[in-house]
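Just below is one structure, and these are the notes that go with it.
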Amino acid sequence: MTALRLLLVGVALAAWGALPAAAAPPPPALAGEFVCQCGCGLTLATCNHPVCGPRDQMLATLGRLLAEGKTASEIRAAFVASYGEAVLAAPPRRGFNLVAWWGPYAALAAGAAVLLTLAALWTRRAERLLSIPSSSLTPEQREAVRRELERLED
């Protein structure tokens, strides 16, 4: 009887250990719009440090502002006021920040323009080289050169 009790207790403990731990509540949707201030460079929703004070503090602030009924733009303004524009995961589309949005496209367009220009120049150069006669010697001069080369070889 004692062995059966021990076996039941062992099975119960094994089953309890196999249960998944209570998952933390998912972060609010706005958490993906703010960068964690711990220096990891990830958003509040993706910061993967097991213990991260700045993330927890910012998520608590975010939850408090949501509970107060603040809108998304009011919450963004509050976070920018507290941490500066660096807290935003994506820079706002105005002023110098437009370089971050349009710079990659401009760089791609400039690179494509450079490649097309170089390809056109190389194509024209090849055409010029093909249009030049292979030799400007007359047939008599070629025969004289051939005779001189044969004489040198002997």
Could you check if a side-chain atom of Y83 sits within less than 4.5 angstrom of a side-chain atom of V35, using non-hydrogen atoms only? no
Same cluster (ILVMFWY, side-chain, under 4.5 Å), L42 and L30
no
Tightest non-hydrogen contact, residues A45 and G32, listed as CB-N, 3.9 Å
Rounding to 0.5 Å, atoms CZ (F79) and OG1 (T61) come to a distance of 5.5 Å
- Give a yes or no on this: more than 12 heavy atoms of other residues, nucleotides or ligands lie within 6.0 Å of atom CZ of R125. no
When rounded to the nearest 0.5 Å, the distance separating CD of E143 from CD of Q141 is 12.0 Å
In this structure, SG of C36 is separated from NE2 of H49 (nearest 0.5 Å) by 8.0 Å
Distance col, row W122:CH2 vs T117:OG1, nearest 0.5 angstrom, shows 11.0 Å
**Item:** Y105 reachable from W101 in the ILVMFWY side-chain graph, under 4.5 Å edges
**Value:** yes
Rounded to the nearest 0.5 Å, the CG atom of L65 sits from the CE atom of M58 at a distance of 11.0 Å
d(R146 CZ, E148 CD) to nearest 0.5 Å is 11.0 Å
Checklist entry - Are any of the side-chain heavy atoms of E85 and P92 separated by less than 4.5 Å? => result yes
Closest non-hydrogen atoms of E74 and K70, given as atom of the first, atom of the second and distance, are OE1-CA, 3.3 Å
The complete set of side chain to side chain donor-acceptor pair (under 3.5 Å) pairs with one or both residues in residues 34-45, sequence neighbours excluded, reads T43-T46
